[in-house]
Amino acid sequence: MTPVQTPADLRPITALRFGAAMWVAVYSFWENLAGAGQSGLVAKGYLGVELFFVLSGFILSHVYLAAAGEKRFSYRGFLWARIARVYPLHIATLIGVGLLAAAALFAGMSVDANVLSWASLPANLFMVHAWGLAPVAGWNHPSWSISAEWFAYLCFPLFAFVFWRLRHRPIAAVVGAAAFLVILYFAFEQLAGFALTEATIRWGALRIVPCFALGCALYLVYRRAPLKAPWLCAAVSFGLMVLSAALGLWDGVTVLLAGALILSLASLPNARAGWLASKPAVYLGEISYSVYMVCVPWKLLAVGLAAKLFDAPDKQLQIFVWLAILALLPVVAAVSYHLVERPARKGLRDMADKRAKRHNKVSEGNMKHGDMPKQLATGRDPVA
């Protein structure tokens with residue numbers, strides 16, 4: 001069976017990224033809401049990271065799997081594209097947290113000693129702080145997941161090797177990936193005494209592996225043939241995922257349902273996706289990485305200022321103040337996206353383009369003298 005032709009940009013799942021980022025944000029800010037009760041859905045907000053991990057495996061397979069399987073893949077170009085995607089904002093937010101912490105200390109405020117952990121700085125700079133190589137969770141703590149992503153990027157040729165060979169057996173690939181996830185989650189919890197989905201700097205590199213593999217496997221199903229009745233599948237998957245989280249079911253159930261939601265939304269043709277394919281929804285998806293990465297710096301700044309302004313030394317904010325701070329998070333993220341993330345990414349990719357052009361000119365000159373040209377790919381891709 002010949003794979004179907006699929007769109008280069010999967011707008012509905014780009015929009016989904018914003019929902020995942022805001023789920024994590026509400027989870028992070030919930031402790032500052034005065035009178036906030038227990039909410040199973042909010043308490044499971046850390047699983048928004050799992051949703052990102054599954055999405056990453058799906059989207060990168062969409063962009064690169066065939067090229068890797070057909071030996072058209074430039075590992076160097078791929079890694080450069082990934083660095084251009086995540087590294088500039090990672091460094092900017094790390095510096096931002098450091099400056100905010102230093103300013104707080106200068107003003108006589110207390111700051112967690114781990115925030116300015118100089119011993120953890122080298123691992124953070126090299127994006128290996130979720131590999132068990134950082135002594136404490138310092139600086140911009142959510143960036144542990146970027147370190148985990150970096151691990152998956154480095155291992156992508158291995159993922160591609162496995163899943164390209166399973167491309168004609170997509171159902172078997174999904175069953176295998178789901179079984180691997182369930183077994184790993186169960187075994188890790190038995191051995192470590194806590195869920196893998198709650199791991200950060202100690203086991204973050206392992207945490208991404210089953211989710212990324214699940215995303216790769218789900219892409220094979222999509223590649224063979226998108227789901228029928230995608231709106232219905234998406235509605236059912238979303239409803240069950242929310243119910244699973246709200247009821248506090250085992251995290252593996254919620255993650256697998258998140259995978260089903262991703263496959264369902266990817267199966268929606270852009271022309272039939274309605275508001276999920278609209279410019280505002282896609283734009284929010286595009287700034288989702290900034291939403292996630294500025295969450296802690298914005299929380300430190302906004303909650304601290306609001307606590308002083310409204311005389312809340314315990315940092316318990318009234319509902320309207322809390323909602324205003326949360327609503328401003330995407331605005332701050334948009335500023336970050338346009339001032340840091342987007343121009344830095346463009347600059348790094350333009351640098352790769354210029355290098356490729358210089359290389360091509362040299363190759364053309366060598367061809368005139370009988371030498372064979374070499375290929376250099378810049379690795380441009382959509383948001384992943």
Visitor: If every non-hydrogen atom of Arg17 is compared with every non-hydrogen atom of Leu55, which pair is closest and at what distance?
Guide: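 Reported closest heavy-atom pair: CG-CD1, 3.8 Å.
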Visitor: Determine, using the 4.5 Å side-chain heavy-atom cutoff (strictly less than), whether Leu154 and Leu158 are members of one ILVMFWY cluster.
Guide: no
Visitor: Got a second to check how far Leu265's CG is from Leu276's CG, nearest 0.5 Å?
Guide: 6.0 Å
Visitor: Show your working on side chain to side chain contact (heavy atoms under 4.5 Å, CB included) between Trp322 and Trp30 and close with a plain yes or no.
Guide: CA-CA 9 Å; Trp322 185 85; Trp30 192 251; 4.0 Å; yes
Visitor: Could you tell me how the ring of Tyr292 sits relative to the ring of Phe52: parallel (under 30°), tilted (30 to 60°) or perpendicular (over 60°)?
Guide: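 Answer is tilted, since the angle falls between 30° and 60°.
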Visitor: Could you tell me whether a side-chain N or O of Glu31 sits under 3.5 Å from a main-chain N or O of Lys315, the two making a donor and an acceptor?
Guide: no
Visitor: Would you give the length of the straight line joining atom CG of Asp314 to atom CG of Asn32, rounded to the nearest 0.5 angstrom?
Guide: 9.5 Å
Visitor: With rounding to the nearest 0.5 angstrom, report the CG to OH distance, Leu348 to Tyr87.
Guide: 11.0 Å
Visitor: Decide whether Leu329 and Ile319 are clustered together by the hydrophobic rule: side chain heavy atoms of Ile, Leu, Val, Met, Phe, Trp, Tyr closer than 4.5 Å, transitively.
Guide: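 Linked within one cluster.
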Visitor: On a heavy-atom basis, which atom in Ser120 and which in Val136 lie closest, and how many Å separate them?
Guide: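 That would be OG-O, 3.1 Å.
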Visitor: What I'd like to find out is whether the side chain of Phe53 reaches to under 4.5 Å of the side chain of Ser145, using heavy atoms alone.
Guide: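 Side-chain contact under 4.5 Å: yes.
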Visitor: Under the 3.5 angstrom rule, does the side chain of Arg167 hit a backbone N or O of Trp164 as a donor-acceptor pair?
Guide: yes
Visitor: Can you name the nearest heavy-atom pair linking Phe156 to Leu65, along with the distance?
Guide: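 In this case the closest contact between Phe156 and Leu65 is CZ-N, 4.3 Å.
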Visitor: State whether the side chain of Ser28 and the backbone N or O of Val24 hold a donor-acceptor pair below 3.5 Å, judged by distance alone.
Guide: no
Visitor: Under a 3.5 Å distance rule, please check whether Asn140 uses its side chain to pair with a backbone N or O of Met293 as donor and acceptor.
Guide: yes
Visitor: Measuring from Leu41:CG to Tyr27:OH, what's the distance to the nearest 0.5 Å?
Guide: 13.0 Å
Visitor: Are Trp275 and Leu261 joined in one hydrophobic group, where the rule is that I, L, V, M, F, W and Y side chains link up if heavy atoms are under 4.5 Å apart?
Guide: yes
Visitor: Are Trp139 and Trp118 packed together at the side-chain level, in the sense that at least one heavy-atom pair is separated by less than 4.5 angstrom?
Guide: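 Trp139 vs Trp118: side chains touch.
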Visitor: Has Glu70 got more than 12 heavy atoms of other residues, nucleotides or ligands less than 6.0 Å from its CD?
Guide: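 More than 12 heavy atoms, drawn from other residues, nucleotides or ligands, come within 6.0 Å of this atom.
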Visitor: What I'd like to find out is whether the side chain of Tyr283 reaches to under 4.5 Å of the side chain of Ile287, using heavy atoms alone.
Guide: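 Sidechains of Ile287 and Tyr283: in contact.
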Visitor: If I compare all heavy atoms of Ala273 with all of Ala277, which pair ends up nearest, and what's the gap?
Guide: CB-CB, 3.7 Å
Visitor: On a heavy-atom basis, which atom in Ala245 and which in Thr254 lie closest, and how many Å separate them?
Guide: N-OG1, 3.8 Å
Visitor: For a side chain to side chain contact (heavy atoms under 4.5 Å, CB included) check, start with the C-alpha distance between His90 and Tyr289, then their side-chain angles and the critical distance, and finish with the verdict.
Guide: CA-CA 10 Å; His90 165 56; Tyr289 176 51; 4.2 Å; yes
Visitor: If two hydrophobic side chains count as joined below 4.5 Å and joins carry through other members, does Leu47 share a cluster with Phe186?
Guide: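 No, Leu47 does not connect to Phe186 through the hydrophobic network.
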Visitor: Please confirm whether Arg165 makes a cation-pi placement over Phe161, using NZ or CZ under 6.0 Å from the six-membered ring centre and within 45° of the ring normal.
Guide: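 Ring-cation test returns yes.
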Visitor: Test your reading of the model: is there a side-chain donor-acceptor pair from Ser61 to the backbone of Gly57, 3.5 Å cut-off?
Guide: yes
Visitor: Run the side-chain donor-acceptor check on residues 204-216: report pairs under 3.5 Å with partners two or more places apart or on a different chain.
Guide:
residue: Arg207; atom: NE; partner: Glu50; partner atom: OE2; Å: 2.6
residue: Arg207; atom: NE; partner: Thr197; partner atom: O; Å: 3.3
residue: Arg207; atom: NH1; partner: Thr197; partner atom: O; Å: 3.0
residue: Arg207; atom: NH1; partner: Ala199; partner atom: O; Å: 2.5
residue: Arg207; atom: NH2; partner: Tyr46; partner atom: O; Å: 3.3
residue: Arg207; atom: NH2; partner: Glu50; partner atom: OE1; Å: 2.8
residue: Arg207; atom: NH2; partner: Thr197; partner atom: O; Å: 2.7

Visitor: Quick one: does Arg224's side chain get under 4.5 Å of His168's, heavy atoms only?
Guide: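 Yes, side chains in contact.
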Visitor: Do other residues, nucleotides or ligands put more than 12 heavy atoms under 6.0 Å from the CZ atom of Phe194?
Guide: yes
Visitor: Can a donor-acceptor pair be found between the side chains of Glu286 and Thr14 at a distance below 3.5 Å?
Guide: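 Distance-only check fails for Glu286 and Thr14.
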Visitor: For Ser264, run the side-chain contact (heavy atoms from CB on, under 4.5 Å) check against Ser237, Pro12, Pro226 and tell me which one passes.
Guide: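 One option only clears the test, and that one is Ser237.
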Visitor: Shortest non-hydrogen contact from Ala306 to Ile325?
Guide: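 Taking every non-hydrogen atom into account, CB-CD1, 3.8 Å.
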Visitor: Apply salt bridge (Lys or Arg N to Asp or Glu O under 4.0 Å) to Glu198 and list each qualifying residue two or more places apart in sequence or on a separate chain.
Guide: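 Checked Glu198 against salt bridge (Lys or Arg N to Asp or Glu O under 4.0 Å); zero matches.
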Visitor: Can you list the steps and then say if Trp231 with Leu268 is a side chain to side chain contact (heavy atoms under 4.5 Å, CB included)?
Guide: CA-CA 7 Å; Trp231 269 116; Leu268 274 172; 3.4 Å; yes
Visitor: Check whether any side-chain N or O of Arg202 sits under 3.5 Å from a backbone N or O of Ala134 as a donor-acceptor pair, and report yes or no.
Guide: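 Present.
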Visitor: Would the distance check show the side chain of Ser336 and the main-chain N or O of Val332 forming a donor-acceptor pair, the cut-off being under 3.5 Å?
Guide: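 Not a single qualifying donor-acceptor pair exists.
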Visitor: Measure the spacing between CH2 of Trp80 and OG of Ser74 and express it to the nearest 0.5 Å.
Guide: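 Atom-to-atom, Trp80:CH2 and Ser74:OG are 12.5 Å apart.
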Visitor: Side chains of Leu317 and Phe29: does their closest heavy-atom pair fall under 4.5 Å?
Guide: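 Contact flag for Leu317/Phe29 side chains = no.
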Visitor: With under 30° as parallel and over 60° as perpendicular, where do the rings of Tyr222 and Tyr219 fit, or are they tilted in between?
Guide: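 Taking Tyr219 first and then Tyr222, their aromatic rings sit tilted (interplane angle of 30° to 60°).
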Visitor: Do Phe188 and Trp203 pass the ring-ring contact (aromatic ring centres under 6.0 Å, His included) test, and can you show the C-alpha distance, the side-chain angles, and the key distance before you say yes or no?
Guide: CA-CA 10 Å; Phe188 183 90; Trp203 295 98; 5.6 Å; yes
Visitor: When rounded to the nearest 0.5 angstrom, what is the spacing between CG in Leu10 and CG in Asn270?
Guide: 7.0 Å
Visitor: Treating Ile, Leu, Val, Met, Phe, Trp and Tyr as nodes and any side-chain heavy-atom pair under 4.5 angstrom as an edge, say whether Ile183 and Tyr185 lie in one connected cluster.
Guide: no
Visitor: Tell me if a side-chain donor or acceptor on Ser147 pairs with a main-chain N or O of His129 at a distance below 3.5 Å.
Guide: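 Yes, Ser147 side chain to His129 backbone: donor-acceptor pair under 3.5 Å.
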Visitor: For Tyr75 and Phe73, take the angle between the two ring planes, folded into 0 to 90°, and tell me which bin it lands in: parallel under 30, tilted 30 to 60, perpendicular over 60.
Guide: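 Tyr75 and Phe73: tilted rings.
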Visitor: May I ask you to test the His141-Ile201 pair for a side-chain heavy-atom distance under 4.5 Å?
Guide: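 In contact.
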Visitor: Is a donor on one side and an acceptor on the other found under 3.5 Å between the side chain of Ser39 and the backbone of Val42?
Guide: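 Confirmed, Ser39 side chain pairs with Val42 backbone.
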Visitor: Keeping Asn114 on the side-chain end and Ala137 on the backbone end, is there a donor-acceptor pair under 3.5 Å?
Guide: no
Visitor: Flag the pair Glu341 and Lys346 as a salt bridge only when some basic side-chain nitrogen lies within less than 4.0 angstrom of an acidic carboxylate oxygen.
Guide: no
Visitor: Any chance you could lay out the side chain to side chain contact (heavy atoms under 4.5 Å, CB included) test for Val115 and Val97, step after step, and finish with the verdict?
Guide: CA-CA 8 Å; Val115 173; Val97 168; 3.7 Å; yes
Visitor: Find out whether Lys44 and Trp23 are in side-chain contact, i.e. whether some heavy atom of one side chain is under 4.5 Å from a heavy atom of the other.
Guide: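 Yes, their side chains come closer than 4.5 Å.
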Visitor: Would you say the side chain of Leu16 lies within less than 4.5 Å of the side chain of Leu51, judging by non-hydrogen atoms?
Guide: yes
Visitor: When you measure from the centre of the six-membered ring of Tyr153, is the NZ or CZ of Arg82 under 6.0 Å away and within 45° of the axis?
Guide: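 Arg82 over Tyr153 ring: yes.
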